[in-house]
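The model shown is predicted, which means the values in this text are computed figures rather than measured ones. Only this structure's heavy atoms are used, side chains among them; waters, hydrogens and symmetry mates stay out.
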Amino acid sequence: MCKIVIVGGGAGGLELATKLGNKLGRSKKAHVTLVDKNRTHLWKPLLHEVAAGSMDDGIDALSYRAHAKNHGFNFKLGALANIDRDNKLIQLAELVDEDGTQILPESKLSYDILVMALGSISNDFNTKGVRDHCIFLDSPQQAKKFHHRMLNKYLQLGVQETKQVSVAIVGAGATGVELSAELFNSLKQVSSYGFEHISSDDLKVSLVEAGEKILPALPLRISSSAHQELSKLGVDVRTRTMVTEATEQGLLTKDGELIKADLIVWAAGIKAPDFMKDIAGLETNRSNQLVVKSTLQTSLDDCIYAIGDCASCALPEGGFVPPRAQSAHQMASLVGKNIIASIKNKPLSDYKYTDYGSLVSLSNYSTVGSLMGNLMKGSMMIEGRLARIVYISLYRMHQIALHGYFRTALITLVERINRVLRPRLKLH
């Protein structure tokens with residue numbers, strides 16, 4: 001029986017494991033295993049909501065083990081340490097708890113087909129002090145860390161000499177922009193839960209971007225619209241500002257200015273995990289991404305695929321496939337078809353990236369973006385309620401890929417009920 005191992009349970013990896021488990025695992029045509037160092041899955045574009053407290057990951061997170069049982073694949077808890085391509089084995093590092101006590105020893109797992117879906121982490125570009133003084137938003141654990149510190153700062157307002165909570169966010173991509181808006185929404189909510197003394201003047205958010213504009217990957221008209229909305233909220237948007245160092249007091253810029261901050265979030269650029277650099281002799285780029293062919297097989301080993309943010313996939317017209325959730329979704333669909341085709345000894349298909357546009361949520365205040373596709377030539381800018389509906393539908397599409405239409409409808413219903421039963425902000 002063919003052994004398929006998928007490393008990484010992000011959007012692409014989990015969707016692929018679900019698809020292969022349903023089609024091959026249940027019918028015993030293949031043995032499908034998903035490996036991840038976490039026990040639960042949360043859609044990464046929602047981490048800014050966890051950081052702001054608008055989302056409770058304890059409710060919205062999905063259990064890998066339970067999902068595996070329901071969809072015909074196996075789940076193994078562990079972190080990838082190395083790949084033995086000659087013997088077709090992956091090595092998993094030992095698993096330890098918060099105190100450093102070993103839970104599981106090092107182990108090995110054999111494969112016939114390996115899919116790398118490890119996603120990405122924030123790229124600090126070796127900027128001095130970032131690792132010591134900044135919080136990243138690469139995982140729910142990091143998002144919760146920020147949320148806890150933010151709640152503590154709110155508690156200090158009016159009690160100690162603290163008169164204002166200042167947050168600096170480095171990087172004005174989707175994560176930085178969405179977090180900036182979400183923080184003001186959470187401030188409005190927290191003031192109604194026993195924090196009556198807190199007002200919008202008590203929060204200062206600085207959004208720092210080295211480039212010419214925020215949302216650099218999006219058209220200028222969308223970027224400008226988002227910039228205006230953030231300014232209305234009170235966000236101090238600073239473009240063309242290069243950060244040279246992070247300190248306990250805040251951020252030092254290239255011009256010698258100190259941007260004071262109680263909390264600093266680093267969301268400037270991404271890269272694949274550092275241990276991926278030249279792993280097992282595979283070809284990687286400067287961002288540690290695995291170089292893949294048009295079939296999404298790695299350039300030096302046809303038995304190993306790479307999808308999502310950890311894959312460097314060239315576009316025919318030049319450039320590379322952008323690291324977006326829609327890219328991971330499309331890659332997972334193609335690799336699923338190619339793996340099934342390879343088992344049946346049929347030819348593999350090439351990956352063709354389709355850009356359906358981009359949307360950025362400014363919390364409950366607005367949503368801006370552009371849509372692209374077969375219904376229109378070029379792109380169409382949308383904002384407001386329509387954009388919000390389309391933005392939410394992207395998450396629903398991910399849920400449908402995992403649960404199907406009926407269960408996704410039930411999940412949506414439960415979410416609406418929880419809005420009535422539960423606080424609008426996570427306060428613990």
Only pairs under 3.5 Å count here: list side-chain donor-acceptor contacts from residues 307-321, not counting sequence neighbours, and write none if there are none.
| from | atom 1 | to | atom 2 | distance (Å) |
| --- | --- | --- | --- | --- |
| Asp309 | OD2 | Ser120 | OG | 2.9 |
| Ser312 | OG | Asn285 | ND2 | 3.4 |

Pairing of Glu209 and Arg238 as salt bridge, 4.0 angstrom limit: no

How long is the straight-line distance from [atom2] of [Y] back to [atom1] of [X], given to the nearest 0.5 Å?
| X | Y | atom1 | atom2 | value |
| --- | --- | --- | --- | --- |
| Arg65 | Asn74 | CZ | CG | 9.5 Å |
| Met55 | Asp60 | CE | CG | 4.0 Å |
| Tyr405 | Ile400 | OH | CD1 | 5.0 Å |
| Leu114 | Lys88 | CG | NZ | 10.0 Å |
| Met331 | Asn338 | CE | CG | 12.0 Å |
| Lys145 | Ser139 | NZ | OG | 10.0 Å |

Less than 4.5 Å apart, side chain to side chain, heavy atoms only: is that true for [X] and [Y]?
| X | Y | answer |
| --- | --- | --- |
| Pro322 | Ser327 | yes |
| Asn126 | Asp124 | yes |
| Val7 | Val5 | yes |
| Thr284 | Leu290 | yes |
| Asn87 | Lys108 | no |
| Leu80 | Phe275 | yes |
| Leu203 | Met150 | yes |
| Ile6 | Phe73 | no |

Looking at residues at least two apart in the chain, or sitting in another chain, which of them share a ring pair (Phe, Tyr, Trp, His ring centres under 6.0 Å) with [X]?
| X | value |
| --- | --- |
| His398 | His41, Trp43 |
| Phe184 | none |
| Phe146 | none |

Test log, rule salt bridge (charged side-chain N to carboxylate O under 4.0 Å, His left out), inputs Asp355 and Arg324: CA-CA 10 Å; Asp355 187 354; Arg324 298 178 184 169; 3.3 Å; yes

Contacts of Lys76 that satisfy side-chain contact (heavy atoms from CB on, under 4.5 Å) - sequence neighbours left out: Thr33, Val35, Leu92, Ser107, Leu109

Within 6.0 Å of [atom1] in [X], more than 12 heavy atoms from elsewhere:
| X | atom1 | result |
| --- | --- | --- |
| Lys3 | NZ | no |
| Arg26 | CZ | yes |
| Arg396 | CZ | yes |
| Lys213 | NZ | yes |
| His403 | NE2 | yes |

Candidates Ile339, Leu16, Thr298, Val292 - the one meeting side-chain contact (heavy atoms from CB on, under 4.5 Å) with Tyr305: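 One option only clears the test, and that one is Ile339.
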
Among Ile169, Leu179, Leu187, the one residue meeting side-chain contact (heavy atoms from CB on, under 4.5 Å) with Val205: Ile169

Under 3.5 Å donor-acceptor, [X] side chain and [Y] backbone:
| X | Y | value |
| --- | --- | --- |
| Thr408 | Gly404 | yes |
| Lys19 | Ser333 | yes |
| Gln330 | Thr354 | yes |
| Ser224 | Leu220 | yes |
| Thr18 | Leu402 | no |
| Trp266 | Asn123 | yes |

Selection residues 289-298 - residue pairs positive for salt bridge (Lys or Arg N to Asp or Glu O under 4.0 Å), sequence neighbours left out: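 Listed once each, the pairs are Lys293-Asp302.
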
Side chain to side chain donor-acceptor pair (under 3.5 Å) between Gln289 and Ser287, worked out: CA-CA 5 Å; Gln289 295 171 306; Ser287 298; 4.7 Å; no

Among Gln189, Glu49, Glu182, side-chain hydrogen bond (donor to acceptor under 3.5 Å, both in side chains) partner for Ser54: Glu182

Taking every non-hydrogen atom, the tightest pair across Phe136 and Ser122: CD2-CB, 3.4 Å

Which atom of Leu34 lies closest to which atom of Gly9, heavy atoms considered: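 That would be CD1-CA, 4.0 Å.
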
Stepwise side-chain contact (heavy atoms from CB on, under 4.5 Å) check, Leu137 with Val265: CA-CA 8 Å; Leu137 292 185; Val265 176; 4.0 Å; yes

Stepwise side-chain contact (heavy atoms from CB on, under 4.5 Å) test for Glu212 and Arg240: CA-CA 5 Å; Glu212 297 286 325; Arg240 303 173 187 170; 2.8 Å; yes

